[in-house]
Amino acid sequence: MTEEKRHTLQKKERLNSRILIEKLFTGGSKSLPAFPLRIVFMPVEGENLPTATIMVSVSKKRFKRAVKRNRVKRQIREAYRRNKELLLEPLKATGHKVAIAFIWLDDKLHTSAEVEARVKKLLQLTAERFS
């Protein structure tokens with residue numbers, strides 16, 4: 001029997017360091033678009049950091065209602081959780097660690113399948129940059 005890997009997104013994998021977030025958006029980071037998403041990533045150093053830390057941002061300018069913003073954030077987190085191995089495998093092989101921000105660019109809702117396809121694409125492109 002093959003053991004199936006558990007797909008989880010733990011609290012330690014969430015990017016919540018204000019200093020790291022500021023560094024991510026002020027400089028030294030790279031960005032890749034895949035409409036309706038954009039990924040901003042930056043290599044980080046640190047012994048106690050996980051291989052990849054993420055944050056999800058959906059602007060109030062795009063969706064006035066918090067219900068819609070939360071839905072989009074949930075879709076992105078779920079897509080990342082299910083496909084994060086696309087990024088983690090190459091990062092572990094090279095020994096890099098990365099901080100990632102997913103930013104929503106559209107003012108319309110999209111299906112979960114569409115969001116997942118875009119997240120997969122962005123994770124693969126990011127993994128290629130580090131390998």
Side-chain angles (χ1 to χ4, degrees):
M1 279 186 142
T2 60
E3 201 174 300
E4 191 174 321
K5 230 175 186 180
R6 290 188 60 212
H7 301 286
T8 60
L9 184 61
Q10 298 175 347
K11 183 167 174 64
K12 65 182 180 181
E13 294 178 74
R14 307 265 174 115
L15 181 59
N16 56 12
S17 165
R18 195 166 261 200
I19 296 166
L20 268 180
I21 293 170
E22 284 177 14
K23 281 183 186 175
L24 186 64
F25 289 107
T26 54
S29 62
K30 294 180 175 67
S31 145
L32 298 168
F35 194 79
L37 277 170
R38 182 171 62 134
I39 190 171
V40 179
F41 60 94
M42 176 183 76
V44 293
E45 302 293 323
E47 293 291 321
N48 56 354
L49 290 173
T51 307
T53 56
I54 70 157
M55 70 173 281
V56 178
S57 173
V58 181
S59 173
K60 196 173 184 180
K61 178 180 171 184
R62 305 285 179 205
F63 298 109
K64 299 294 182 218
R65 303 268 178 188
V67 172
K68 289 183 179 182
R69 288 196 305 273
N70 291 340
R71 176 180 180 230
V72 171
K73 286 191 265 187
R74 213 169 32 249
Q75 285 177 319
I76 296 168
R77 281 194 307 263
E78 178 70 5
Y80 173 78
R81 182 187 70 79
R82 293 174 68 183
N83 300 293
K84 68 182 176 181
E85 292 305 317
L86 295 172
L87 177 67
L88 294 181
E89 300 285 328
L91 285 176
K92 285 179 183 172
T94 59
H96 287 98
K97 294 183 179 188
V98 66
I100 298 173
F102 288 98
I103 302 168
W104 188 258
L105 302 173
D106 198 8
D107 46 6
K108 294 184 180 76
L109 294 172
H110 292 266
T111 64
S112 294
E114 208 175 327
V115 172
E116 186 165 355
R118 295 302 192 277
V119 168
K120 267 187 188 176
K121 180 181 174 187
L122 287 171
L123 291 176
Q124 289 169 340
L125 290 171
T126 306
E128 287 172 13
R129 294 283 174 106
F130 284 99
S131 57

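When a residue number appears, it is its place in the shown sequence, counting from 1.
No continuous path of ILVMFWY side-chain contacts below 4.5 Å connects Tyr80 to Met55, so the two sit in separate hydrophobic clusters. When hydrophobic clusters are built by joining Ile, Leu, Val, Met, Phe, Trp and Tyr residues whose side-chain heavy atoms come closer than 4.5 Å, directly or via intermediates, Val72 is grouped together with Leu9. By the rule that hydrophobic residues join a cluster once side-chain heavy atoms approach within less than 4.5 Å of another member, Leu109 and Val119 end up as members of one cluster. The hydrophobic clustering, which links ILVMFWY residues whose side-chain heavy atoms are closer than 4.5 Å, places Leu125 and Phe102 together. Grouping the Ile, Leu, Val, Met, Phe, Trp and Tyr side chains by contacts below 4.5 angstrom, directly or via other members, places Val115 with Leu32.
Residues satisfying the side chain to side chain donor-acceptor pair (under 3.5 Å) criterion with Arg81, sequence neighbours excluded, are Glu78. Partners of Thr53 by side-chain contact (heavy atoms from CB on, under 4.5 Å), not counting sequence neighbours, listed by chain and number: Leu15, Pro50, Ala99. Among residues two or more places apart in sequence or in another chain, the salt bridge (charged side-chain N to carboxylate O under 4.0 Å, His left out) test is passed with Arg129 by none. With sequence neighbours excluded, the residues satisfying side-chain contact (heavy atoms from CB on, under 4.5 Å) with Lys97 are Val44, Leu49. Not counting sequence neighbours, the partners of Ser112 by the side-chain contact (heavy atoms from CB on, under 4.5 Å) test are Gln75. For Ala113, the side-chain contact (heavy atoms from CB on, under 4.5 Å) test picks out Thr111, with sequence neighbours left out. Residues meeting the ring-ring contact (aromatic ring centres under 6.0 Å, His included) test with Phe25, sequence neighbours left out: none.
The stretch residues 13-22 participates, sequence neighbours left out, in these salt bridge (charged side-chain N to carboxylate O under 4.0 Å, His left out) pairs: Glu13-Lys84. Listed by first then second residue, pairs satisfying salt bridge (charged side-chain N to carboxylate O under 4.0 Å, His left out) with a partner in residues 43-66 number zero, not counting sequence neighbours. Within the structure, ring-ring contact (aromatic ring centres under 6.0 Å, His included) pairs that include any residue of residues 27-46 comprise Phe41-Phe130 (at least two apart or interchain). Evaluation of the side chain to side chain donor-acceptor pair (under 3.5 Å) test over residues 87-96, restricted to residues two or more places apart or in two chains, returns Thr94-His96. For residues 101-122, the pairs satisfying salt bridge (charged side-chain N to carboxylate O under 4.0 Å, His left out) are Arg82-Glu116, with sequence neighbours left out.
Within 6.0 Å of the NZ atom in Lys73, the count of heavy atoms belonging to other residues, nucleotides or ligands exceeds 12.
The nearest pair of heavy atoms linking Val58 to Arg69 is O-CD, 3.5 Å. Closest approach of Ile39 and Thr126 over heavy atoms only: CD1-OG1, 3.6 Å. Between Ala52 and Leu87, the shortest heavy-atom distance links the atoms CB-CD2, 4.3 Å. Across every non-hydrogen atom of Ser29 and Met42, the tightest pair is CB-CB, 3.9 Å. Of all non-hydrogen atoms in Glu85 and Pro90, the two that sit nearest each other are O-CD, 4.2 Å.
Of the residues Ile100, Ile19, Val40, the one that meets the side chain to side chain contact (heavy atoms under 4.5 Å, CB included) test with Leu24 is Val40.
The closest side-chain heavy-atom distance from Ser59 to Trp104 is not below 4.5 Å.
Atom-to-atom distance recorded for Leu37:CG and Ile103:CD1 is 9.5 Å, nearest 0.5 angstrom. Atom CG in Asn48 sits 10.5 Å away from atom NZ in Lys12 (nearest 0.5 Å). If you take CG on Leu86 and CG on Leu122, they are separated by 11.5 Å, rounding to the nearest 0.5 Å.
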